[in-house]
Number of protein chains: 2
Amino acid sequence: MTNCQEDFIDTLVDDLSNIVASLGINRVAGQLYILLFFSQEPLSLDEMTKRLKISKGHVSTNIRALERWNAVRKIWVKGSRKDYYEANCDTLKIILIQLKLGLNQRFDELDKIINNGKNKIESIKKNNTQESIEVTLDFEKKIKQVEKMEKELRRLLDALKFFPF
Amino acid sequence: MTNCQEDFIDTLVDDLSNIVASLGINRVAGQLYILLFFSQEPLSLDEMTKRLKISKGHVSTNIRALERWNAVRKIWVKGSRKDYYEANCDTLKIILIQLKLGLNQRFDELDKIINNGKNKIESIKKNNTQESIEVTLDFEKKIKQVEKMEKELRRLLDALKFFPF
DNA sequence: TAGAACGTTTGAAATATATTAAATATTGAG
DNA sequence: CTCAATATTTAATATATTTCAAACGTTCTA
């Protein structure tokens with residue numbers, strides 16, 4: 001591979017991984033994915049280590065995270081004992097699946113918190129002073145507002161599947 | 001305010017701020033917003049400091065971040081020189097506006113990177129060997145793929161405004 | 001206009017996260 | 001099976017982030 005080709009990819013790796021990192025995704029995972037995305041051939045851990053100038057362990061850990069997300073896959077290369085990887089280039093699908101997974105987890109947590117809140121409101125209602133009635137009314141209103149927001153967000157997330165990609 | 005009311009809110013602040021923090025938003029900003037969201041009265045910096053058991057400076061810095069996001073507003077309380085704040089309870093709108101802002105910024109960066117890449121491809125093409133032709137074809141294909149993905153994501157983001165909230 | 005009551009900034013300390021090099025475990029060609 | 005080539009884990013180090021206390025600046029009141 002000529003030098004200007006590697007330069008082309010390396011520049012993209014640097015620039016694009018900045019965006020990835022700014023979105024809260026591990027920078028090294030981003031670098032690895034981008035490197036593989038633009039490479040014409042699968043790369044071994046050693047090659048990735050050399051290209052990104054980071055430690056072998058670091059590459060190993062992060063490539064397996066990418067594997068878990070189905071963002072890269074291991075490729076068998078005859079006559080070599082090394083693990084080679086190539087990118088799954090369906091980037092948008094990977095992003096949306098991960099997004100959905102992450103948000104659904106949070107929604108489930110939120111459900112627990114909301115139920116907890118509702119139970120507490122019931123028990124406050126038992127100490128049935130005039131003051132407590134007013135206060136619980138307000139709490140109830142606000143908990144319902146949170147519930148409504150969650151419902152809307154769930155619906156929004158669900159609607160992604162109708163989007164014509 | 002009775003103790004069980006403060007307890008009710010404090011528990012929600014703890015639980016919900018975990019979700020907020022797990023989404024990459026500053027935990028203290030989350031705590032402040034949630035505290036104000038469930039409080040029936042505007043709170044002063046001192047009150048927030050006491051409730052969250054964090055330093056005054058910390059509250060000050062984070063409440064102003066929330067103000068910038070239009071997530072809280074300063075309230076004038078007659079006869080007090082303190083700044084009081086209340087939550088803007090339209091949480092979903094706040095989230096979506098911030099999301100849109102953040103992503104549009106990234107899209108603009110991405111545009112620059114893509115253009116850069118295209119220019120580089122043109123200059124590689126000048127060294128017009130058989131090898132370079134094959135390689136640039138592949139680079140072009142992949143850059144186009146990135147472009148397509150950005151277009152789809154922009155469209156998706158834009159479609160939010162048609163969603164019936 | 002001085003002093004008190006605030007809010008903000010700052011620089012240092014604590015904490016969390018990322019990164020590495022080296023030790024350990026695993027694998028597959030011979 | 002064995003051993004050398006790989007991959008993974010780990011424990012330490014470096015780096016980044018969060019947090020605080022104290023200094024500073026501002027504003028209102030008397």
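In what follows, chains are A, B, ... by sequence order, proteins preceding strands, each numbered from 1.
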Validation row: B:Q105, B:L101 side chains within 4.5 angstrom (heavy atoms): yes
Side-chain heavy-atom pair B:N70, B:N88 within 4.5 angstrom cut-off: yes
Value in whole Å for how far the P atom of D:dC20 lies from CZ of B:R27: 13 Å
Length of the OH-C1' vector between B:Y85 and C:dC6, whole Å: 11 Å
Partner residues of B:K148 under the side chain to side chain contact (heavy atoms under 4.5 Å, CB included) criterion, sequence neighbours left out: B:E152
Nucleotide C:dC6, atom P - distance to CG of B:D46 in whole Å: 7 Å
Close side-chain approach of B:I19 to A:I113, heavy-atom, < 4.5 Å: yes
Base-contact (B) and sugar-phosphate-only (S) positions in nucleotides 20-30 of chain C, heavy-atom cut-off under 4.0 Å, - elsewhere: B------BBS-
Touch class at under 4.0 angstrom, heavy-atom based, for B:D83 against every strand present: sugar-phosphate
Atom-to-atom span, NZ of A:K74 to P of D:dT6 - whole angstrom: 14 Å
Listed partners of A:N104 passing side-chain hydrogen bond (donor to acceptor under 3.5 Å, both in side chains), at least two apart: none
Length of the line joining B:K78:NZ and D:dT29:C1', which is rounded to integer Å: 17 Å
d(CD, A:Q31; P, C:dA18) in whole Å: 13 Å
First of A:V28 and B:I63 reached from the 5' end of DNA chain C, by closest nucleotide: B:I63
Touch class at under 4.0 angstrom, heavy-atom based, for A:S44 against every strand present: nothing
Atom-to-atom span, NZ of A:K82 to P of D:dT8 - whole angstrom: 14 Å
Separation of atom CG in A:L32 from atom P in D:dA7, rounded to whole Å: 13 Å
Main-chain N/O of A:V20 paired to A:S17 side chain as donor or acceptor, under 3.5 Å: no
N or O in side chain of B:R64 less than 4.0 angstrom from C:dT9 OP1/OP2: yes
Step-by-step side-chain hydrogen bond (donor to acceptor under 3.5 Å, both in side chains) determination, B:S44 to B:Y85: CA-CA 6 Å; B:S44 69; B:Y85 289 88; over 6 Å; no
